[in-house]
Amino acid sequence: MLRIAVTYDNGMVFQHFGHTEQFKVYDTDKGQVIRTEILESNGSGHGALATLLAINKVEVLICGGIGGGAQTALAQAGIRLYAGVQGNADAAVNMFIANKLSYDPNARCDHHGEHHRDHNCANHSCGEHKCGEHKE
């Protein structure tokens, strides 16, 4: 059995890991989703979110943009990361199960203002773009 979590908002992959308020968790076995649940996180920050996922025995995370600190926290928790994913959460999990998920291992949100000229991601959900594609 494999347990997969997706940053989740209204059926879609939420685009900012550190601010996600929900994960949809999928229990899979033999290439099939056998159970799902919504895990409330209250958008508590990347360290707490990685711990929450680890406590809930999540092995894989599918998400949109994610910062370097969060990537490190997930790696330390032994959670495999598939970032830069957009669209429907259920479809993303089905694509993952089929080994066809398109993801970007370099998708990053750096929320310290170094390269955000036109906007500040902290003021929105990063849903209108892929966070790894900010222009410098």
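The structure displayed is predicted, hence computed values, not measured ones.
D9 places no side-chain N or O within donor-acceptor distance of the main-chain N or O of M12, the cut-off being under 3.5 Å. Remark: side-chain polar atoms of R3 are paired, donor with acceptor, to backbone N or O of N56 under 3.5 angstrom.
Between F17 and F23, the two ring planes are tilted [angle within 30° to 60°].
Distance check: E21 CD to I38 CD1 gives 12.5 Å after rounding to the nearest 0.5 Å. Interatomic distance, OG1 of T20 versus CD1 of I66, reported as 10.5 Å (0.5 Å rounding). Rounded to the nearest 0.5 angstrom, M95 CE and Y103 OH are separated by 13.0 Å. The distance from atom CD1 of I4 to atom CZ of R80, rounded to the nearest 0.5 Å, is 8.5 Å. Note: S102 OG to Q86 CD = 11.0 Å, rounded to the nearest 0.5 Å. Expressed to the nearest 0.5 Å, how far OG of S41 lies from CG of L49 amounts to 5.0 Å.
Partners of E40 under the side-chain hydrogen bond (donor to acceptor under 3.5 Å, both in side chains) rule, at least two apart in sequence or in another chain, are Q22.
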**OP:** List the steps and the verdict of side-chain contact (heavy atoms from CB on, under 4.5 Å) for V33 and D27.
**Re:** CA-CA 6 Å; V33 174; D27 290 326; over 6 Å; no

**OP:** Output, in order, the C-alpha distance, side-chain angles, deciding distance and verdict of salt bridge (charged side-chain N to carboxylate O under 4.0 Å, His left out) for E59 and K57.
**Re:** CA-CA 6 Å; E59 299 164 80; K57 301 187 180 347; over 6 Å; no

**OP:** Could you please spell out the steps behind the side-chain contact (heavy atoms from CB on, under 4.5 Å) verdict for F14 and H19?
**Re:** CA-CA 9 Å; F14 187 69; H19 292 282; 4.2 Å; yes

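Taken together through direct or relayed side-chain contacts under 4.5 Å among Ile, Leu, Val, Met, Phe, Trp and Tyr, L2 and V13 form part of one hydrophobic cluster. Hydrophobic clustering keeps Y8 apart from V60 (ILVMFWY residues linked when any side-chain heavy atoms are closer than 4.5 Å, directly or through intermediates).
Each of V6, V85, L53 was scored for a side chain to side chain contact (heavy atoms under 4.5 Å, CB included) with L61, with one residue passing: L53.
Each salt bridge (charged side-chain N to carboxylate O under 4.0 Å, His left out) pair with one or both residues in residues 87-100, not counting sequence neighbours, appears once here: K24-D90.
When all heavy atoms are compared, the tightest approach of I79 to A54 is CD1-N, 3.9 Å. In plain terms, the two heavy atoms of A83 and G64 that are nearest each other are CB-O, 3.6 Å.
Other residues, nucleotides and ligands place no more than 12 heavy atoms under 6.0 Å from the CG atom of N10.
Other residues sharing the hydrophobic cluster of I34, ordered by chain and number and joined by side-chain separations under 4.5 Å: M1.
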